Amino acid sequence: MIDWINLLSQSGFPKSKIIIHDNLTVLTQCKLCAIHFKEKDERIADFKYKHPDIQVSMSTHDTKHIAKAEVLELAFVLYGHIFKTNSKPNQHPRTENEINKALKFNIPIIALGGINTQTLKNLPNGFKGIAGISIFAQQNINEIKQLKEAWKMYV
């Protein structure tokens, strides 16, 4: 991971746009400025307190954890999954009621799960961004550009 991040950086990609997932060693060795945690990671509050200069975010699946993130003054939360997704085949997406409650918080909420150019049309208003795994790993650059254009129509 460290070699990959260094190669990415040497290729001109700004480190300021890299968010590492819960790996403190990589964060430190690569001198990154953003880290993302799972919602139940017990290190979040302590890390945020000890590293006010690092952007901290976390994944959430319910309003309890969104409230926790808001109290900790995290940068944002990923909230999902919003739509049916192959990465969570046996789990139901969040309900409309759950989504509406989540969007009432005063922390930026990023939609995650099953997001693509088709489902984006059904995304409730209020999300500050979208995230994904398979959409970015399995689509070609033109499909990603279409998603970007669809997002511009959303906001």
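Predicted, not measured: the structure shown is a model, and the values here were computed from it. Note: hydrogens, waters and symmetry copies are ignored here, and every other heavy atom, side chains too, is used.
- Listed by chain and number, the residues in a side-chain contact (heavy atoms from CB on, under 4.5 Å) with N140 are N142, E143 (sequence neighbours excluded).
- For D22, the salt bridge (charged side-chain N to carboxylate O under 4.0 Å, His left out) test picks out no residue, with sequence neighbours left out.
- Checked against side-chain contact (heavy atoms from CB on, under 4.5 Å), E42 has no partners two or more places apart in sequence or in another chain.
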Step by step, would you call I35 with I19 a side-chain contact (heavy atoms from CB on, under 4.5 Å)? CA-CA 5 Å; I35 191 164; I19 302 173; 5.6 Å; no
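- Side-chain contacts under 4.5 Å among hydrophobic residues (ILVMFWY), followed directly or transitively, place V71 with no other residue at all.
- Taking the side chain as every heavy atom from C-beta outward, N23 and M1 never approach each other to under 4.5 Å.
- Checking side-chain atoms of T119 against main-chain N and O of G114 turns up a donor-acceptor pair under 3.5 Å.
- Among pairs with a residue in residues 72-88, those fulfilling side-chain hydrogen bond (donor to acceptor under 3.5 Å, both in side chains) read T85-S87, at least two apart in sequence or across chains.
- Applying the side-chain hydrogen bond (donor to acceptor under 3.5 Å, both in side chains) definition to pairs two or more places apart or across chains, those involving residues 46-58 are H36-S57, D46-K50.
- Between the side chain of E70 and the backbone N or O of N106 there is at least one donor-acceptor pair closer than 3.5 Å.
- In this structure L112 satisfies the side-chain contact (heavy atoms from CB on, under 4.5 Å) test together with L78, A131, sequence neighbours excluded.
- Every residue meeting the side-chain contact (heavy atoms from CB on, under 4.5 Å) condition with N125, not counting sequence neighbours, appears here in chain and number order: Y154.
- Applying the ring pair (Phe, Tyr, Trp, His ring centres under 6.0 Å) rule to F83 yields no partners; only residues at least two apart in sequence or on another chain are considered.
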Under 3.5 Å, sequence neighbours excluded: what are the donor-acceptor pairs made by side chains of residues 6-15?
| unit_1 | atom_1 | unit_2 | atom_2 | d |
| --- | --- | --- | --- | --- |
| N6 | ND2 | I2 | O | 3.3 |
| S11 | OG | L7 | O | 2.9 |
| K15 | NZ | C30 | O | 2.7 |

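- One finds no salt bridge joining D62 and K64 here, because no Lys/Arg side-chain nitrogen approaches an Asp/Glu carboxylate oxygen to under 4.0 Å.
- For residues 96-105, the set of pairs meeting the salt bridge (Lys or Arg N to Asp or Glu O under 4.0 Å) definition, not counting sequence neighbours, comprises R94-E98.
- Within 6.0 Å of atom NZ in K68, more than 12 heavy atoms from other residues, nucleotides or ligands are found, so the atom counts as buried in its surroundings.
- One hydrophobic cluster, built from ILVMFWY side chains closer than 4.5 Å, holds both I66 and F37.
- Linking Ile, Leu, Val, Met, Phe, Trp and Tyr whenever their side-chain heavy atoms come within less than 4.5 Å leaves F76 and F47 in two separate clusters.
- Screening residues 146-155 for salt bridge (Lys or Arg N to Asp or Glu O under 4.0 Å), with sequence neighbours left out, gives E149-K152.
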